[in-house]
Chemist: 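My structure is below; once you've seen it, I'll send some questions.
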Amino acid sequence: MTAPAQAPAVAPVKTPPTKRPSALRTLAGQLSRLWLAVLLVAVWEITCRAIGDAYFPPPSEIVRAMYELWFSGPADRLFLTTDAIDDFRPSLTHVFGGWLIAAVVGVALGLVIGRFRALGDFLDPVLQFGRSIPPPTLIPFFIVVLDLGAQMQVTTIVFGVVWPVLLNTIDGVRTVDTLQLETAKVFGITGLSRLRRIVLPAAAPKIFAGLRVSLGFALILMVISELIGSTSGIGARLISAQRSFDMAEMWAGIMLLGILGCLINGAFVLVERRLLAWHGGARRLDDT
Amino acid sequence: MLEIENLTHAYGSGPLIVGGIDLRVEAGELVSIVGPSGCGKSTLLRCIAGLQRPSGGLVTKDGKVVEQVPDDLAVVFQDYSRSLFPWLSVRDNVALPLRRRGLKRAARHEAADQALESVGLAEAGSKYPWQLSGGMQQRASIARALAYRPTLLIMDEPFGSVDAQTREDLEDLLLSVRGNGGMTILLVTHDIDESVYVGDRVVVLTKSPTRVRADLRVGLPAKRDQITTRGLPEFVHLRAEVGRLVRGIGTPVQSAS
């Protein structure tokens, strides 16, 4: 009687379970997993005390070194010491400055290259080669050209982290659903409006994946460039502590960089979840 | 309104898919186009909509040759889940094309809400498309087309991906909204019952390279409903006729033109 071939693609009712784990439950979940960390720190502390080796200070000593060096400042400066400001400011400025420049350059170039398939195919070998150069190997060159200092460090970071953003943007732009583009065409959404309202959001999940990888790279390259040639920043502090055999302070630098990495990544994920809520939601439903 | 003269199309140097279509559609008509699957219905629609430049022949709309998508033409695609933008709310999806009409934001939203109400989605404006059921998503994309106020609405198997019950609801929705604004509607479907139920005319295509096999006028009353209309002798007769024609048996007729 009615149509014989009903595509089974769609269940009649997809109830919208925009069920995100509540903040409280997430926190409880995190806390319940915290015991492992506590246990590990305890084992670490006990082992180091038992060994009594100067190269392996126990975590309590590392934390004290961190506190004395960076976090024993006055309350009106968020407890940051002058040393903390001197160390953190250049490092963070370089990380975020370099990353932001790379993000803007990568997304802009990626949009252009992704838009023109022939251009992308033409440039592909060059891009693949550029991406394959381990960025730290360029530091000696940048030192020669730009001298030690902020410029060299930011250049290193930009060059090192632009690739994931660029390649992901190209891929994202190229793989925009043709039906979405046709819909845009039918309804007269063209030119810049198309770029802003269709192409960019459609490519955003891939662009964000690239940005996230880049942010991790940026932190690594910041430290490397500071270890090699800098007088300021967390990396420089770390290397000077090593040179003066202040093991606790050296470990403090290592720990701080780890914590910084977690915080930066966490902040990025929060922003991404907010901006790409639609993507997460749509994907969750597709999976069901 | 719409004139198609000897339209042919082949992709690249491939085989001829559309083998010479001649068709005239008057303003305000709802023409169903049926044909065996894979016969080139969608290609034909794409040529009419200006999404695909035909290899030969001419499509004229209101006396002007269609070379790109005319700005008073809307399309409802079969695949609503890909055709609605998942990053926009349902209201914004409907409102987005209206930027072209030069409407201010508030006016766009008002028009969008109105269109959503006319398809029974008054409450869904602030949701995302993927939070709706398949049938509701297709309603949303119909609302988007209606809000755009096209003179020609092209629907490419619009109800092909929803369940039978939803399909009937959507068919009735189409019948109820077609009056507003006097749109001309081309509806491609593979469902013979549907083509008769919603159409003023049923154009039957041959298999690829497709031509017009028959052009039948539907002599059903304007007011139709799923139960009575489908029981009318005229409906039963036409359905059988179209069914035979689609399968390639029966005598081609040109009762409409």
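Just so it is clear, the model here is predicted, and its values are computed rather than measured. In the text below, chain A, chain B and the rest are named by the order of the sequence lines, each starting its count at 1. Computed from heavy atoms alone, side chains included, the values below leave out hydrogens, waters and symmetry copies.
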Chemist: Which of the residues B/I154, B/L73, B/V75, B/L84 is involved in the greatest number of heavy-atom pairs with chain A at under 4.5 angstrom?
Modeler: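 Winner by heavy-atom pair count: B/V75.
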Chemist: Tell me the residues of residues 167-188 of chain A whose non-hydrogen atoms fall below 4.5 Å from those of chain B, in number order.
Modeler: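 From residues 167-188 of chain A, the residues near chain B are A/D177, A/T178, A/L179, A/Q180, A/E182, A/T183, A/A184, A/K185, A/V186, A/F187, A/G188.
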Chemist: Could you please state which residues from residues 89-107 of chain B sit under 4.5 angstrom from chain A, measuring non-hydrogen atom to non-hydrogen atom, sorted by number, or 'none'?
Modeler: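 Those residues of residues 89-107 of chain B which have a heavy atom under 4.5 Å from chain A are B/L96, B/P97, B/R99, B/R100.
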Chemist: If I compare all heavy atoms of A/V154 with all of A/G98, which pair ends up nearest, and what's the gap?
Modeler: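 Residues A/V154 and A/G98, closest heavy atoms: CG1-CA, 4.0 Å.
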Chemist: Using only heavy-atom distances, determine whether the side chains of A/Q153 and A/T156 contain a donor-acceptor pair under 3.5 Å.
Modeler: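 Their side chains do not contain a donor-acceptor pair, so the 3.5 Å distance test is not met.
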Chemist: Take B/R46 and B/D156, measure what salt bridge (Lys or Arg N to Asp or Glu O under 4.0 Å) needs, and give me the verdict at the end.
Modeler: CA-CA 9 Å; B/R46 293 171 52 80; B/D156 186 2; over 6 Å; no
Chemist: How many angstroms lie between atom CG of B/L132 and atom OH of B/Y80, to the nearest 0.5 angstrom?
Modeler: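 Going from CG on B/L132 over to OH on B/Y80, the span is 10.5 Å.
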Chemist: Quick one: are B/L2 and B/L152 in side-chain contact, heavy atoms under 4.5 Å?
Modeler: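 Answer yes - side chains close enough.
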Chemist: Is it true that B/Q137 and B/S81 share a donor-acceptor pair across their side chains at a distance under 3.5 Å?
Modeler: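 No, no side-chain donor-acceptor pair sits under 3.5 Å.
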Chemist: Any donor-acceptor pair under 3.5 Å linking the side-chain atoms of B/E171 with those of B/Q226?
Modeler: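 Yes, side-chain donor-acceptor contact under 3.5 Å.
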Chemist: Can you see whether B/K61 engages B/T151 through a side-chain donor-acceptor pair at a distance of less than 3.5 angstrom?
Modeler: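 B/T151 and B/K61 do have a side-chain donor-acceptor pair below 3.5 Å.
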Chemist: Mind checking whether B/H9 and B/Y11 have ring centres under 6.0 Å apart?
Modeler: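 Between B/H9 and B/Y11, the centre distance is under 6.0 Å.
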Chemist: Can you list the residues that meet the salt bridge (Lys or Arg N to Asp or Glu O under 4.0 Å) rule with B/D225, with sequence neighbours excluded?
Modeler: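 Here no residue qualifies.
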Chemist: Is it the backbone or the side chain of B/D71 that comes under 4.5 Å from a heavy atom of chain A, or both, or neither?
Modeler: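 Neither the backbone nor the side chain of B/D71 comes within 4.5 Å of chain A.
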Chemist: Flag the pair B/R149 and B/D72 as a salt bridge only when some basic side-chain nitrogen lies within less than 4.0 angstrom of an acidic carboxylate oxygen.
Modeler: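 Salt bridge absent between B/R149 and B/D72.
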Chemist: Could you check whether B/S195 and B/D193, counting side-chain N and O atoms only, form a donor-acceptor pair closer than 3.5 Å?
Modeler: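 On atom types as modelled, these side chains do not qualify, holding no pair under 3.5 Å.
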Chemist: Verify the neighbour count for atom CD of A/Q128: are there more than 12 heavy atoms of other residues, nucleotides or ligands below 6.0 Å?
Modeler: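 Enclosed.
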Chemist: Taking 4.5 Å as the heavy-atom cut-off, does anything in residues 211-222 of chain A contact chain B, and if so which residues?
Modeler: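 Those residues of residues 211-222 of chain A which would need a heavy atom under 4.5 Å from chain B do not exist here.
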Chemist: Pick one of side chain, backbone, both or neither for A/I198, based on which atoms fall under 4.5 Å of a heavy atom in chain B.
Modeler: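 Looking at A/I198, backbone and side chain both touch chain B.
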Chemist: For the residue pair B/E194 and B/T189, confirm or rule out a side-chain donor-acceptor distance under 3.5 Å.
Modeler: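 Result is yes, a qualifying pair exists.
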Chemist: Please classify the contact of A/A204 with chain B as side chain, backbone, both or neither, using a heavy-atom distance under 4.5 Å.
Modeler: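 Interface part for A/A204: neither.
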Chemist: Is it true that B/Y197 and B/D172 share a donor-acceptor pair across their side chains at a distance under 3.5 Å?
Modeler: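 Looking only at side-chain atoms, B/Y197 and B/D172 do form a donor-acceptor pair, the distance falling under 3.5 Å.
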Chemist: Using non-hydrogen atoms only, which part of B/A74 is less than 4.5 Å away from chain A: side chain, backbone, both, or neither?
Modeler: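 For B/A74, the contact with chain A is made by backbone and side chain together.
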